Amino acid sequence: MPFGGARPKMRRAKACLRIDPEAPRGEIMEAIVERVLSEAMEQLRAAGKVPQDLHLSIVIERPKREEFGDFGCALPLALAKATRRNPMECGKELMAAIQAPEGLFDAVTFAPPGYLNFKVATAAWFDRMKDVTTLPAVGAGEKVLLEFVSANPTGPLHVGHGRGAVLGDAIARVMRATGYAVQTEYYVNDVGNQMAMMGLSLHCRGREALGLSDGSDFPENGYKGQYVRDVAAEFVATAEGKAACEQPYEDIGARDDNPCTHFAEQRLLVVIQDTLKAGGIHFDRWFTERTLHQNGALAATVQRLLDQGHAYRDEAGATLFRMEGKADEDDRVMVRASGVPTYFAADIAYHDDKARRGFTRLINIWGADHHGYIPRMKASLEALGHDPACLQVLLVQMVTLTRGGVAVPMGKRSGEFVTLQEVLEEVGQDAVRFLFLLRKADSQMEFDLDLAKSQSMENPVYYVQYGHARVASILRKAAAQGIAVPGWEAGMGDVLTLPEEAALVKDLARFAAVVASAARRCEPHHIAFYLMDLVKGFHAYYTRNAHTEKVISADPVKTAARLFLVARVQSVLAEGLALLGVSAPEEMRLTADDEPASEPD
RNA sequence: GGGGGAUUAGCUCAGUUGGAUAGAGCGUCGGCCUCCGAAGCCGAAGGUCGUGGGUUCGAGCCCCGCAUCCCCCA
């Protein structure tokens with residue numbers, strides 16, 4: 001059977017993301033090691049062995065080879081370079097100056113040509129399990145306005161929009177979880193040429209539906225998709241719509257402000273909103289461009305720029321923004337000679353509005369084809385007295401859609417495109433989100449529809465979710481035996497002696513650092529990769545020891561420690577998935593239809 | 001012509017402000033279910049990190065040239 005019905009039936013768990021802003025900042029092991037080294041440097045500085053004005057950045061890394069320990073640092077190399085001395089001497093001095101807290105390290109060693117390696121004691125690692133899901137508040141309450149998607153209401157969203165939508169939504173979740181005050185907005189371009197063309201397209205299709213036209217007068221650049229006919233059919237079924245289509249387009253109002261454009265906007269926004277809802281994407285506010293025209297903000301902004309000399313009128317009567325040679329750009333038209341403002345003018349007013357609302361950081365997610373707008377947006381913010389650095393544009397590269405390796409032509413005007421709605425229905429919300437979030441925004445990606453669907457059974461997202469469900473299954477079994485998941489106790493770490501257990505503890509301890517880094521860099525894909533890593537370790541732990549060292553055993557001490565451990569794995573998986581907007585099912589089972597076919601005898 | 005991005009395993013992609021023997025998923029090949037969920041695990045094969053220079057103790061990462069692809073502007 002086709003793959004449509006092959007998706008696993010799953011019960012959704014309640015989102016279990018708990019962020020306590022008052023909680024003490026969960027300290028990351030890297031930070032602890034870094035502090036120790038930093039103090040050692042101070043010691044050497046006080047002893048006159050390091051120049052007063054020398055401040056090296058201390059980069060703690062995780063060596064790839066296990067025998068090097070848990071952490072490595074090339075500080076001796078850097079110090080040797082800066083002081084023109086022997087790396088080994090520097091390393092020995094640093095080691096002598098290290099005063100680590102009792103019990104933190106099992107070993108600190110020097111490795112040529114100039115590394116310091118740290119082996120952290122098991123108990124110290126296990127100590128981190130106390131608050132493994134506590135995320136550091138790196139955002140410090142900064143007010144962030146995150147604007148994304150913002151597709152014109154001239155048609156359904158396509159897959160490219162989906163990438164930006166999923167990315168933006170995930171960034172919002174990640175940043176909120178790490179102490180940023182994020183508001184998400186969708187800016188609706190409901191004014192201008194494209195809206196006018198949309199209205200005209202609807203008008204033409206309406207006339208066709210009424211038998212007033214054979215379609216030969218449909219504009220060359222009109223929106224040709226079937227959805228326009230569908231909306232037109234609804235439109236002419238209303239008295240107002242019928243009346244509008246019976247008149248010439250020029251007679252029913254402004255080209256971008258008339259019954260046709262209003263109906264199209266209203267209907268298509270609903271379509272867009274339904275799709276976003278189906279993708280689990282939330283916006284705090286929908287901001288329409290028209291409000292800027294109506295409340296005078298746009299005109300006031302233009303006037304302000306004129307008054308302050310950042311804009312001028314040319315001979316033809318158009319108003320241009322002065323780029324003042326910045327970024328080698330030409331001056332840009334804000335108001336045409338005809339008096340009609342451009343999208344650029346509205347964008348300036350919108351961004352001014354954002355900054356005036358007290359947001360100190362404006363993040364925009366744009367398609368890579370808009371990168372050319374960045375210099376002029378920054379310049380306009382600066383002209384209006386805002387710090388241009390507050391604008392941070394994340395460019396999302398194009399998604400090339402293929403079906404079975406063959407490129408699918410995409411064009412809203414031509415009407416030939418696969419909608420995001422269709423992809424969500426075919427592939428599933430969780431899989432679509434995870435697939436997008438498994439790639440960094442900054443690189444082009446290929447989205448093969450057949451592959452996304454055909455792989456749905458082996459999709460990475462199910463691998464992660466399966467880990468969560470697997471733990472849930474263990475916990476259900478324990479509960480059935482009357483065994484509760486215990487809280488943290490120091491002694492538990494001594495019982496978790498399997499190499500897979502030690503590896504899991506270390507992986508869990510990374511969670512906060514990964515999320516904090518993802519938040520700072522606005523790159524949620526690091527979380528997706530982390531979850532893949534973590535769950536891989538869990539599956540290995542589970543399967544390797546399935547016959548010998550079970551979680552639930554006759555040994556109550558081991559059972560308690562292991563239940564605690566796997567419950568932490570589950571929490572981190574659930575929280576990590578929640579940060580990506582992906583569900584964490586308690587149960588995932590193949591339906592009867594999906595059982596692998598038995599071997600033919 | 002100017003600008004942005006990309007180039008890493010057969011395919012799709014990671015690679016954390018320059019660090020030790022470059023990774024994952026999928027695909028391929030070979031193993032593992034009486035026993036907490038096999039949507040799993042274990043192993044193997046697979047690489048001149050597009051190319052040529054440069055910077056230095058050290059480059060997939062930084063600088064310059066070139067090639068190819070995507071996008072924007074003129």
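Letters A, B, ... mirror the listed sequences (proteins, then strands); counts begin at 1. This one's a predicted model, so the numbers in the text were calculated from it and none came from an experiment.
Using a 4.0 Å heavy-atom criterion, one finds that A/I374 contacts no nucleic acid atom at all. Among the atoms of the strands shown, only primed sugar atoms or phosphate atoms (P, OP1, OP2) are found under 4.0 Å from some heavy atom of A/H539. Across all strands shown, A/A546 has no heavy atoms under 4.0 Å from either base or sugar-phosphate atoms. Across all strands, A/Y373 comes closer than 4.0 Å to no nucleic acid atom at all (heavy-atom distances). Contacts of A/N86 with the nucleic acid, taken as non-hydrogen atoms under 4.0 Å apart, are absent. Residue A/A74 is classed as a base contact, given a heavy-atom separation below 4.0 Å to a base. Note on A/H525: only backbone sugar-phosphate atoms sit closer than 4.0 angstrom, heavy atoms only; bases stay farther off. Within the 4.0 angstrom heavy-atom criterion, no nucleotide atom of any strand lies near A/V514.
Here A/R433 pairs with A/D169 in a salt bridge; the nearest charged N to carboxylate O distance falls below 4.0 Å. With respect to the salt-bridge test (charged N to carboxylate O, under 4.0 angstrom), the residues A/E30 and A/R62 qualify. Taking the charged nitrogens against the carboxylate oxygens, A/R510 and A/D507 do have a contact shorter than 4.0 Å, which makes a salt bridge. Under a 4.0 Å N-O distance rule, the pair A/R361/A/E142 qualifies as a salt bridge.
Side chain A/D533 to base B/A14: no donor-acceptor pair is found below 3.5 Å. Not a single donor-acceptor contact under 3.5 angstrom links the side-chain atoms of A/T543 to the base of B/G40.
Taking every heavy atom of both residues into account, A/A431 and A/N459 meet most closely at CB-ND2, 3.8 Å.
Rounded to whole angstrom, the span from the NZ atom of A/K477 across to the P atom of B/G37 amounts to 6 Å. When the C1' atom of B/U16 is taken as reference, atom CD of A/E34 falls 14 Å away, rounded to whole Å. Distance A/M88 CE to B/C57 C1': 14 Å, rounded to the nearest Å. Distance A/D442 CG to B/C71 C1': 13 Å, rounded to the nearest Å. When the C1' atom of B/C36 is taken as reference, atom CD1 of A/I474 falls 6 Å away, rounded to whole Å. Rounded to an integer number of Å, the gap from CD1 of A/I552 to C1' of B/G37 is 12 Å. The separation between A/F538 atom CZ and B/C41 atom P is 11 Å, rounded to whole Å. Look at NE2 on A/H547: it is 13 Å from P on B/G37, rounded to the nearest Å.
For A/S517, counting side-chain heavy atoms from C-beta on, the closest listed nucleotide (B/C36, B/C71, B/U16) is B/U16. With distances taken from any side-chain atom of A/K536 to the nucleotides B/A20, B/G25, B/A14, the minimum falls on B/G25.
Remark: the separation of the C1' atoms in B/A9 and B/G1 is 38 Å, to the nearest Å. Comparing B/U68 with B/U55, their P atoms are spaced 28 Å from each other, to the whole Å. Taking atom P on both B/G50 and B/U8, the two are 6 Å apart, rounded to the nearest angstrom.
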> Given Watson-Crick or G-U pairs with both distances under 3.5 Å, what dot-bracket string fits RNA chain B, with | for other-strand pairs and [ ] for crossing?
Replying inline: (((((((..((((.....[...)))).(((((.......))))).....(((((..]....)))))))))))).
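Side-chain atoms of A/Q194 and A/N189 include no donor-acceptor pair closer than 3.5 Å. In the model, A/S553 has a side-chain atom that pairs as donor or acceptor with a side-chain atom of A/T559 under 3.5 Å. A/S571 and A/R568 share a donor-acceptor pair across their side chains, judged by distance under 3.5 Å alone.
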For nucleotides 8-12 of chain B, print each protein N/O atom paired with a nucleotide N/O atom at under 3.5 Å, atom names and distance only.
| from | atom 1 | to | atom 2 | distance (Å) |
| --- | --- | --- | --- | --- |
| B/U12 | O2' | A/R439 | NH2 | 2.1 |

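Two residues are said to be in side-chain contact when any heavy atoms from C-beta on lie closer than 4.5 Å; A/R163 and A/Q397 meet this criterion. A/L394 is not listed as a side-chain neighbour of A/N364, based on a closest heavy-atom distance of 4.5 Å or more.
Considering only side-chain N and O atoms, A/R470 lies under 4.0 angstrom from the phosphate OP1 or OP2 of B/A38. When the side-chain nitrogen and oxygen atoms of A/Y463 are compared with OP1 and OP2 of B/C41, one or more of them lie within a distance under 4.0 Å. Distances shorter than 4.0 Å separate some side-chain N or O of A/Y466 from OP1 or OP2 on B/A39.
When each of A/L563, A/V551, A/I552 is checked for a side chain to side chain contact (heavy atoms under 4.5 Å, CB included) with A/L475, only A/L563 meets the rule.
Glycosidic torsion of B/C33 falls within 90° of 0, placing the base in syn.
Stacking of the aromatic ring of A/Y115 onto the base of B/A20 is found: the ring centres lie under 5.5 Å apart and the planes are inclined by under 30°.
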